[in-house]
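Remarks on the structure that follows.
Lettering follows sequence order; numbering is per chain, from 1.
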Protein chains: 2
Amino acid sequence: MKTTEPHQSEHEHEHQSSSHNHNDCIDSALATAETLCVQQGQRLTKVRRRALELIWESHRPLGAYQLLAKLAEEGFNSAPPTVYRALDFLLAAGLIHKVESMNAYLGCAHADKAHKGYFLICDDCHNVMEFDYQDIHTALIAKAAQQGFELRAETIELTGLCSKCKSKAAGAIA
Amino acid sequence: MKTTEPHQSEHEHEHQSSSHNHNDCIDSALATAETLCVQQGQRLTKVRRRALELIWESHRPLGAYQLLAKLAEEGFNSAPPTVYRALDFLLAAGLIHKVESMNAYLGCAHADKAHKGYFLICDDCHNVMEFDYQDIHTALIAKAAQQGFELRAETIELTGLCSKCKSKAAGAIA
DNA sequence: TAGATTTTGTTATGATATAACAAGTCAAAC
DNA sequence: GTTTGACTTGTTATATCATAACAAAATCTA
Ligand SMILES: [Zn+2]
Ligand SMILES: [Zn+2]
Ligand SMILES: [Zn+2]
Ligand SMILES: [Zn+2]
């Protein structure tokens with residue numbers, strides 16, 4: 001299997017990795033968001049911008065009500081529509097993804113490139129890694145087409161044990 | 001792309017197809033369920049059995065509360081734990097799948113064969129087709145392993161337009 | 001600035017899922 | 001055939017996730 005997908009190596013890390021400055025991720029994501037919104041004539045309002053930041057500041061996918069609580073702490077309105085509107089906006093703009101199997105939301109590091117969100121989710125530490133995999137995408141389109149099915153969206157969420165948690169588990173046994 | 005997967009052609013149809021007697025599906029699924037439960041020393045109690053039947057009788061994935069309402073009509077207890085316990089049992093036994101992106105439950109026609117549930121979901125008619133695809137499964141395991149990730153479960157839910165709805169749409173335009 | 005459009009505030013409700021503990025059922029062991 | 005223990009179900013309450021509907025405010029356009 002080749003692994004020459006476009007932005008695969010760019011963000012295939014765990015957010016908690018000690019070897020990366022997560023602030024850089026956030027800054028970069030926010031800058032991209034600003035640019036994209038301007039390009040598309042969309043308004044990245046205060047609450048939308050802050051929601052995006054808060055999602056990025058979390059090292060794990062963030063639930064809507066977790067995000068709402070954080071926004072409320074900062075003086076934003078604390079009713080559910082506030083957060084769901086912000087999430088809807090960010091999802092539509094491709095700035096975040098929803099992880100269906102967790103009912104949680106995750107910043108996308110490649111918002112400027114059209115792509116599907118594929119995820120590796122650790123059952124143990126709940127870290128989520130987004131990966132891109134053009135071969136799978138192509139194969140799925142072809143497979144669907146075989147059934148006369150025209151593919152529009154893909155929910156690909158893989159769960160299991162990440163390498164760190166696997167090591168930890170092995171250590172515990174030994 | 002080869003399509004020589006084990007049970008792919010066995011149930012890759014829409015439930016509403018006029019060319020198949022859905023009662024046969026239900027009877028077969030229930031018989032398999034009985035057998036599997038006996039083999040595994042599990043008890044397919046009245047409510048569990050009836051829940052499974054009701055899920056199969058629906059031509060689309062059934063929500064937990066829809067199922068609960070049907071069970072209540074038949075004199076079963078009408079509190080949520082009743083239905084969620086039945087669903088948990090059927091999921092654990094591999095007799096049904098949950099479609100995460102719909103929060104709904106679907107009978108599995110291949111409960112006797114270990115497999116992952118991959119789904120094609122029509123945005124228009126909401127029919128769901130389960131498919132199996134060994135090539136994808138193998139590729140995903142390998143891809144995860146590259147990241148040191150040990151794969152345990154896969155949520156693969158593809159949405160789009162089924163062939164029938166595509167035809168309908170084309171007809172409407174012409 | 002007037003009018004249109006978009007965004008936000010607010011209240012209420014709908015939809016999905018689980019916690020906790022009591023009571024009932026069943027089958028093996030005695 | 002009763003006891004015992006495991007499993008299953010009943011019951012009440014609550015947690016969690018998401019949207020409807022309409023009013024008010026902010027922003028944009030002309
Ligand atoms: Zn992404
Ligand atoms: Zn982990
Ligand atoms: Zn299945
Ligand atoms: Zn359809």
Point to revise | Nucleotide nearest A:A64 (side chain, heavy atoms from C-beta), chosen from C:dA17, D:dT12, D:dA18 | key: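 Closest of the options to the side chain of A:A64: D:dA18.
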
**Study point:** Residue A:T45, side-chain heavy atoms: nucleotide from C:dT7, D:dC17, D:dG10 that is nearest
**Key:**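 Given the options C:dT7, D:dC17, D:dG10, the side chain of A:T45 is closest to C:dT7.
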
Any side-chain N or O of [X] under 4.0 Å from OP1/OP2 of [N]?
| X | N | value |
| --- | --- | --- |
| A:N77 | C:dT8 | no |
| B:Y65 | D:dC17 | no |
| A:K98 | D:dA18 | yes |
| A:Y84 | D:dT19 | no |
| A:R48 | C:dT7 | yes |

**Study point:** Ring centroid separation A:Y133 to A:Y118 under 6.0 Å
**Key:**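 No, the ring centres sit 6.0 Å or more apart.
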
Practice item. Quick one: label A:N103 by what it contacts on the DNA or RNA (base, sugar-phosphate, nothing), any heavy atom closer than 4.0 Å. Key: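 The answer is sugar-phosphate, as A:N103 gets under 4.0 Å only of primed atoms, P, OP1 or OP2.
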
Check your understanding: Checking all strands, does A:Y105 fall into the base, sugar-phosphate, or nothing category for heavy-atom contacts under 4.0 angstrom?
Key ->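 Sugar-phosphate contact only - A:Y105 comes under 4.0 Å of backbone atoms but never of a base.
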
Check your understanding: Do B:R50 and B:E53 meet the salt-bridge criterion of a basic N to acidic O distance under 4.0 Å?
Key ->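 A salt bridge links B:E53 with B:R50.
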
Point to revise | Terminal axis angle for the helix from C:dT1-D:dA30 to C:dC30-D:dG1, five pairs an end, nearest 10 degrees | key: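 Taking the rotation axis at each end, their angle is 30°.
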
Using atom names, set out every protein N or O paired with an N or O of nucleotides 22-24 of chain D below 3.5 Å, distance rounded to 0.1 Å.
none

